[in-house]
Protein chains: 2
Amino acid sequence: METLSVTSVTESVAQNLRIHIIEGELAPGQKLNELELAERLGISRPPLREAFRILENAHLIVSIPRKGCYVTEVSADSCREIYEEREMIECFAVELLQAKGIRELPEVGAALEVTADLPMPTSSDAYEKFDYLKAIADFHIRLVESAGNSRLNHCYHALFPSLARYQSMYTYIPGLMNRSQEIHEKILGLIERGDYDRAKEVLRSHIRGFLTLMEDEIRQTAEPQTESLSEW
Amino acid sequence: METLSVTSVTESVAQNLRIHIIEGELAPGQKLNELELAERLGISRPPLREAFRILENAHLIVSIPRKGCYVTEVSADSCREIYEEREMIECFAVELLQAKGIRELPEVGAALEVTADLPMPTSSDAYEKFDYLKAIADFHIRLVESAGNSRLNHCYHALFPSLARYQSMYTYIPGLMNRSQEIHEKILGLIERGDYDRAKEVLRSHIRGFLTLMEDEIRQTAEPQTESLSEW
DNA sequence: TTACTGTTTATTGAAGACAATATACAATAG
DNA sequence: CTATTGTATATTGTCTTCAATAAACAGTAA
């Protein structure tokens, strides 16, 4: 028998809002009215407020005392900070693998195989991209998990929604996505051969490459998306 | 006129509990009864529950659905993870300084001067140590702040309570504290001279040195502190 | 016409009450 | 005597209500 997961209203509300923010349906800067949101989601305010605390921590919303909560703004600066943090965590994960002499990463390999068979998204539509990006992300998530530091893991999971938001809003570069697969395979191979230093450098430049592209895209599109109050 | 800070009940309760957990008055593993805590603090349960969400994120408590919240257990493993994360953040901060070519760190220097004039604590009493440790910590906090990445900063502040807890519970090594001052000065000097690589390595071995000492202490004292339900 | 002040309204902050669930204990059956 | 099941109690999860604060608007004075 599978153990059925007990999930609180707070957590499912947090997850709900998380996805809507990532997918851009809750636009940057948008005010989150507690009463309105609570009745739209069919719950009461206390669990919603607890969910706000969770999202606040993930930097998806900002809470201003006595004023309310707002969806975090997006900017090239913020994007850079996110990718810097990402570089830090992933590269350090490789360092931990090196320190522990871990070469075999079965979960990471499995994640790679899943992506290899997946069809490429055919449009820049957020919904279509979402699954594909999630599959690609799995490589990085498993890599960090393999380092065996639960706090690192937690950090990375806290970072990911912010990262996913930028990826969902801006990136649609088929060629780059395709190259990701090759690069990921290369990184895994380097680790398996014990060449952690090169693996780390390939990983680092891979991440920095994405950052550069994202920053360009953000600067090009002055107004990323002005729509708000979309029905959902 | 100074701007008087508006602080919510949620935040002050979180800060209150944070300090009590760090100082060990709320012992590891202890169950946190919502009703009992709320009336002891003279508040109601909703803000307490929101504070729980904040502390949960700082890894100071764990929340088990339908069971309640417990003060996080301490262990050599957990201590190692904390110090690994610390190493990651601080070393990456130096890398960011390097990338940006920042050599002047006035705030870090100021923190060093404060510590230089401070008297050493004369006992291992948590309360006496607390202020001294906080002053020493300021060096590291300012260093990370100087890197100019707000997310990194946030991570480090989220990490610090856990770190402070272990330092408060175990470490009382006057010689080491004294040496900290020297090492901190050395690191600052190296950065000012643009020798980021050596600065990073000194910093890294400094942090790892503390970890080794902490791990030894934890292993020696099998039962760190068995007292619980202390009056406060 | 503009700026300042007072009032009103809407929204967040906090509290108390109710419902659901988990744990512990006791009773009964094997 | 032991194990299992049922019940009771205590505690968490959620909802509804009340209070305090902030923002917006209008009115008056300069």
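In the text below, chain A, chain B and the rest are named by the order of the sequence lines, each starting its count at 1. Quick caveat: nothing in here was measured; it's all calculated off a predicted structure.
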Quiz prompt | A:I89 vs A:V144, side-chain contact (heavy atoms from CB on, under 4.5 Å): CA-CA, chis, key distance, verdict | solution = CA-CA 8 Å; A:I89 295 173; A:V144 173; 4.1 Å; yes

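- Applying the salt bridge (charged side-chain N to carboxylate O under 4.0 Å, His left out) definition to pairs two or more places apart or across chains, none involves residues 160-170 of chain B.
- Between B:R151 and A:S162, the side chains place a donor N or O and an acceptor N or O closer than 3.5 Å (distance only, hydrogens not considered).
- The nearest whole Å value for the distance from the CZ atom in A:F52 to the C1' atom in C:dT11 is 12 Å.
- Electrostatic pairing of B:R53 and B:E56 counts as a salt bridge here, judged by a charged N lying under 4.0 Å from a carboxylate O.
- Inspection of the B:E107 and B:S146 side chains reveals no N or O donor paired with an N or O acceptor under 3.5 Å.
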Quiz item: In B/S/- notation, 5' to 3', how is nucleotides 10-15 of chain D contacted by protein heavy atoms closer than 4.0 Å?
Solution: -SBBBB

